[in-house]
Protein chains: 2
Amino acid sequence: MSLRYALLGIILKKPVTGYDVVRIFKQQMIYFWSSTHSQIYTELHKMENDNLIDHELVIQEALPNKKVYSLTDTGKKDLIRWAIEEPLKPAKIKDNFLIKTTIFPFLSVVEIDKLLDEVIEREDKILSMTKKWQEHFNSQEERDVGTILTVEYGIRYSEMYLEWCKWAKQYINEIK
Amino acid sequence: MSLRYALLGIILKKPVTGYDVVRIFKQQMIYFWSSTHSQIYTELHKMENDNLIDHELVIQEALPNKKVYSLTDTGKKDLIRWAIEEPLKPAKIKDNFLIKTTIFPFLSVVEIDKLLDEVIEREDKILSMTKKWQEHFNSQEERDVGTILTVEYGIRYSEMYLEWCKWAKQYINEIK
DNA sequence: CTTATATATGTCTTTTTAGACATATGAAAC
DNA sequence: GTTTCATATGTCTAAAAAGACATATATAAG
């Protein structure tokens, strides 16, 4: 049920197409929510059915037609109500890599290093993409508070992860 | 499909009951995976059906009977195979609170502070529980590498979150 | 005395999510 | 010329997950 509030949060900023929502979602929300385009399109239909959003069809000559979604009054009220009233739920994390630490006692230092290096590489990429996005975002005129806060969160998360990886490598090398 | 490898990782350390698995899971894995007891019991049945684990029934007088699960050879091999071969997947996070930042432009400093204080309280509790668990764990004789690494991860994650919250409070107070 | 907590294991239904399948065009790259 | 990428929107099925429903006893707390 929270996905729809993430989507409402995107559409709140400015009217966008489903395609835009997917793109914005993957660029700006990966740090705290995950979804796929199929789920997003389906949820948008449900939200429109529940009168939280509506759309205007824009006919394009060359490119495919598009539906530009906007929040309805109901949608905006419901989003703000949700944000204030919805009780805090603990964050849910699904991190495949950290499960792998359970078998570290059965692996060699080389094998563990290989796994950790993979994660470092991945997280390095994410971090530099996030920093790039932050830089681009900072150059804009209309900067919303939400994005300022969550981009910073994304950077801190990746930095923490990378520092932990480096600490883990050192720790493994000391004890093995 | 990854849940089963998290569960195999728990049972690998020592034979345990489903009830134990749930408890260990919630104490030691909340930092990187989430599940419920209903899903865990169901998955254990499937895993036994796939010959990854088996159980010994222990009849108890006062307390209910229990099933003590152990890894089979197949189970252990499959877990190690998975850890080495399974390609890295990006971590998936579902954090209800961070969605709420999208409506911060429509809230007063007082309202935002209230939301952030709630998270700080929650995260403080988690952090002190984790530190307590780390202390207890460090006093044991058999300390497995996996737990040493993931507990440290949990602490770093909570600390990062708390620092971000404090930064966010300060930032909001400066601009509003 | 009554209530809550810990032990212990399950099922059932609904919702959420993932991933594949499906289509169509323009533009750019090679 | 052909392939890949970006635009744009969807459906369908299977798997994963959440949450309620279900039961039973001992012990500790109030």
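Residue numbering restarts at 1 for every chain, and letters A, B, ... go by the order of the sequence lines.
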Residue closer to the 5' end of DNA chain C, H37(A) versus R23(B) (nearest nucleotide)
R23(B)
First encountered from the 5' end of DNA chain C, between K94(B) and K67(B)
K67(B)
Is there a side-chain contact between D95(B) and Y31(A), using heavy atoms and a 4.5 Å cut-off?
no
Minimum-distance nucleotide (side-chain atoms of P64(A) versus dA8(D), dT11(C), dA18(C)):
dA8(D)
Let me know the distance between [atom1] of [X] and [atom2] of [N], rounded to the nearest Å.
X      : N       : atom1 : atom2 : result
D20(A) : dG10(D) : CG    : P     : 13 Å
K89(B) : dA15(D) : NZ    : P     : 14 Å
E56(A) : dT9(D)  : CD    : P     : 13 Å
N65(A) : dT25(C) : CG    : P     : 12 Å
L7(B)  : dT9(C)  : CG    : P     : 14 Å
D50(A) : dT15(C) : CG    : P     : 12 Å
H55(B) : dA8(C)  : NE2   : C1'   : 13 Å
K46(B) : dA17(D) : NZ    : C1'   : 10 Å

Check every strand shown and say whether [X] touches a base, only sugar-phosphate, or nothing at a heavy-atom separation below 4.0 Å.
X      : value
K92(A) : sugar-phosphate
Q60(A) : sugar-phosphate
H45(B) : sugar-phosphate
S38(A) : base
S35(B) : sugar-phosphate

For Q39(A) and L63(A), take the nucleotide of DNA chain D holding the closest heavy atom to each; which residue's nucleotide lies nearer the 5' end?
L63(A)
Want to settle it: does T36(B) or Y41(A) sit nearer the 5' end of DNA chain D, counting the closest nucleotide to each?
Y41(A)
Is E111(A) salt-bridged to K100(A), cutoff N-O under 4.0 Å?
no
Below 4.0 Å: OP1/OP2 of dT9(D) and any side-chain N or O of T17(A):
yes
side-chain N/O Y19(B) vs dT9(C) OP1/OP2, d < 4.0 Å:
no
Without swapping roles, check the side chain of [X] against the backbone of [Y] for a donor-acceptor pair under 3.5 Å.
X       : Y       : result
S2(B)   : N96(A)  : no
T17(B)  : D20(B)  : yes
E123(A) : Y161(A) : no

